[in-house]
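Structure record follows, encoded as structure tokens.
Only a predicted model underlies this, so the values are computations on that prediction, with no experimental measurement involved.
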Amino acid sequence: QVQLVESGGGLVQPGGSLRLSCAASGIVFRMYTMGWYRQAPGKQRELVATISRDATTNTADSVKGRFTISRDNAKNTVYLQMNSLKPEDTAAYYCNARHFSLDYWGQGTQVTVSS
């Protein structure tokens with residue numbers, strides 16, 4: 001059974017930082033492209049960042065320079081370091097694992113940026 005379990009969300013003030021984690025099980029983690037997506041109320045889910053199995057990263061322009069995705073294959077975990085958070089970063093953040101036609105999602109973790 002595939003499980004992606006996100007953690008690390010919460011309430012943070014503008015300019016603050018959070019680190020999201022996604023622990024994967026039930027997959028050969030090192031073979032998957034891992035990603036973070038987010039969805040704000042009333043908006044479509046959007047890409048935040050992905051990291052391929054060779055550690056090539058792709059980051060959305062809206063978070064480039066502030067967010068960093070990384071992975072630890074020994075721990076089957078992908079991270080999203082979020083710095084200089086803005087109110088517009090408020091959303092539910094979802095972990096994704098993809099390998100060809102195989103596509104899995106976590107349940108999401110809420111990030112709220114507010115003073």
Side-chain angles (χ1 to χ4, degrees):
Q1 181 181 0
V2 177
Q3 282 193 314
L4 301 177
V5 180
E6 301 101 333
S7 61
L11 174 64
V12 63
Q13 292 188 340
S17 298
L18 283 175
R19 188 196 197 199
L20 305 183
S21 300
C22 171
S25 59
I27 61 173
V28 182
F29 182 81
R30 67 181 185 278
M31 299 298 292
Y32 280 70
T33 291
M34 301 300 297
W36 288 97
Y37 293 72
R38 68 185 181 185
Q39 187 168 18
K43 294 188 177 180
Q44 288 189 327
R45 190 171 296 189
E46 64 177 4
L47 168 73
V48 176
T50 62
I51 184 166
S52 68
R53 58 185 184 178
D54 68 356
T56 300
T57 62
N58 177 42
T59 307
D61 287 344
S62 59
V63 304
K64 199 165 290 185
R66 300 188 297 121
F67 291 11
T68 303
I69 189 170
S70 62
R71 65 190 298 160
D72 185 337
N73 289 342
K75 295 182 178 179
N76 288 359
T77 301
V78 62
Y79 304 98
L80 185 68
Q81 178 66 44
M82 305 186 294
N83 299 327
S84 302
L85 282 159
K86 304 176 180 180
E88 51 263 43
D89 295 318
T90 295
Y93 283 71
Y94 296 90
C95 178
N96 174 260
R98 190 175 73 250
H99 179 64
F100 292 103
S101 62
L102 301 174
D103 192 26
Y104 303 105
W105 292 90
Q107 293 297 307
T109 185
Q110 179 66 35
V111 172
T112 302
V113 185
S114 175
S115 55

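- No path of Ile, Leu, Val, Met, Phe, Trp and Tyr side chains, each step under 4.5 Å between heavy atoms, connects Y79 with L85, placing them in separate hydrophobic clusters.
- Sorted by first and then second residue, the pairs that involve residues 73-100 and meet salt bridge (Lys or Arg N to Asp or Glu O under 4.0 Å), not counting sequence neighbours, are R38-D89, R66-D89.
- Listed here is the closest heavy atom pair of A24 and L4: CB-CD2, 3.5 Å.
- Cluster partners of W105, using a side-chain heavy-atom cutoff of under 4.5 Å among ILVMFWY residues and allowing indirect links, are Y37, L47, Y94.
- In this structure, CG in L18 is found 6.5 Å from CG in L20, a value given to the nearest 0.5 Å.
- When every heavy atom of T59 is checked against every heavy atom of F67, the shortest pair comes out as CG2-O, 4.2 Å.
- Each disulfide bond (SG atoms under 2.5 Å apart) pair with one or both residues in residues 57-115, not counting sequence neighbours, appears once here: C22-C95.
- Judged as a side-chain hydrogen bond (donor to acceptor under 3.5 Å, both in side chains), and not counting sequence neighbours, the contacts of Q81 are N83.
- The side-chain contact (heavy atoms from CB on, under 4.5 Å) test applied to S115 returns P14, not counting sequence neighbours.
- Legend: residues meeting side-chain hydrogen bond (donor to acceptor under 3.5 Å, both in side chains) with S52, ordered by chain and number and at least two apart, are D54.
- One finds the CZ atom of R19 at 11.0 Å from the OG1 atom of T68 (value rounded to the nearest 0.5 Å).
- Residues L11 and S114 form a side-chain contact, since some pair of their non-hydrogen atoms from C-beta on lies under 4.5 Å apart.
- A donor-acceptor pair is defined here as one N or O able to donate and one able to accept, closer than 3.5 Å; such a pair exists between the side chain of R71 and the backbone of I51.
- Residues passing the side-chain hydrogen bond (donor to acceptor under 3.5 Å, both in side chains) test with Y32, sequence neighbours excluded: none.
- Considering every non-hydrogen atom in both A40 and A91, the closest pair reads N-CB, 3.8 Å.
- At distances below 3.5 Å, at least one donor-acceptor pair connects side-chain atoms of T90 with backbone N or O atoms of V113.
- Other residues, nucleotides and ligands contribute at most 12 non-hydrogen atoms within 6.0 Å of the CD atom of Q107.
- Every pair tested for disulfide bond (SG atoms under 2.5 Å apart) that includes a residue from residues 51-88 fails, sequence neighbours excluded, so the list is empty.
- Nearest heavy-atom pair, N76 versus F29, reported as atom, atom and distance to 0.1 Å: OD1-CB, 3.4 Å.
- As a member of the Ile/Leu/Val/Met/Phe/Trp/Tyr network built from side-chain separations under 4.5 Å, V5 groups with nothing else and remains a singleton.
- Taken from CE in M34 to NE2 in H99, the straight-line distance is 13.0 Å, to the nearest 0.5 Å.
- For the atom pair CG of L102 and CD1 of I27, the computed distance is 9.0 Å after rounding to the nearest 0.5 Å.
- Atoms CH2 and CD1, from W36 and I69 in turn, are 8.0 Å apart once rounded to the nearest 0.5 Å.
- Using a distance-only test at 3.5 Å, with no hydrogens or angles considered, no donor-acceptor pair links the side chain of E6 to the main chain of T109.
- With sequence neighbours left out, D61 forms a salt bridge (charged side-chain N to carboxylate O under 4.0 Å, His left out) with K64.
- Within the structure, disulfide bond (SG atoms under 2.5 Å apart) contacts touching residues 43-75 (residues at least two apart or in different chains) do not occur.
- Here disulfide bond (SG atoms under 2.5 Å apart) pairs that include residues 27-65, with residues two or more places apart or in two chains, number zero.
- Here the straight-line distance linking atom CZ of R53 with atom OG1 of T33 works out to 7.5 Å at 0.5 Å rounding.
- Residues Y93 and Q39 fail the side-chain proximity criterion, which asks for heavy atoms closer than 4.5 Å.
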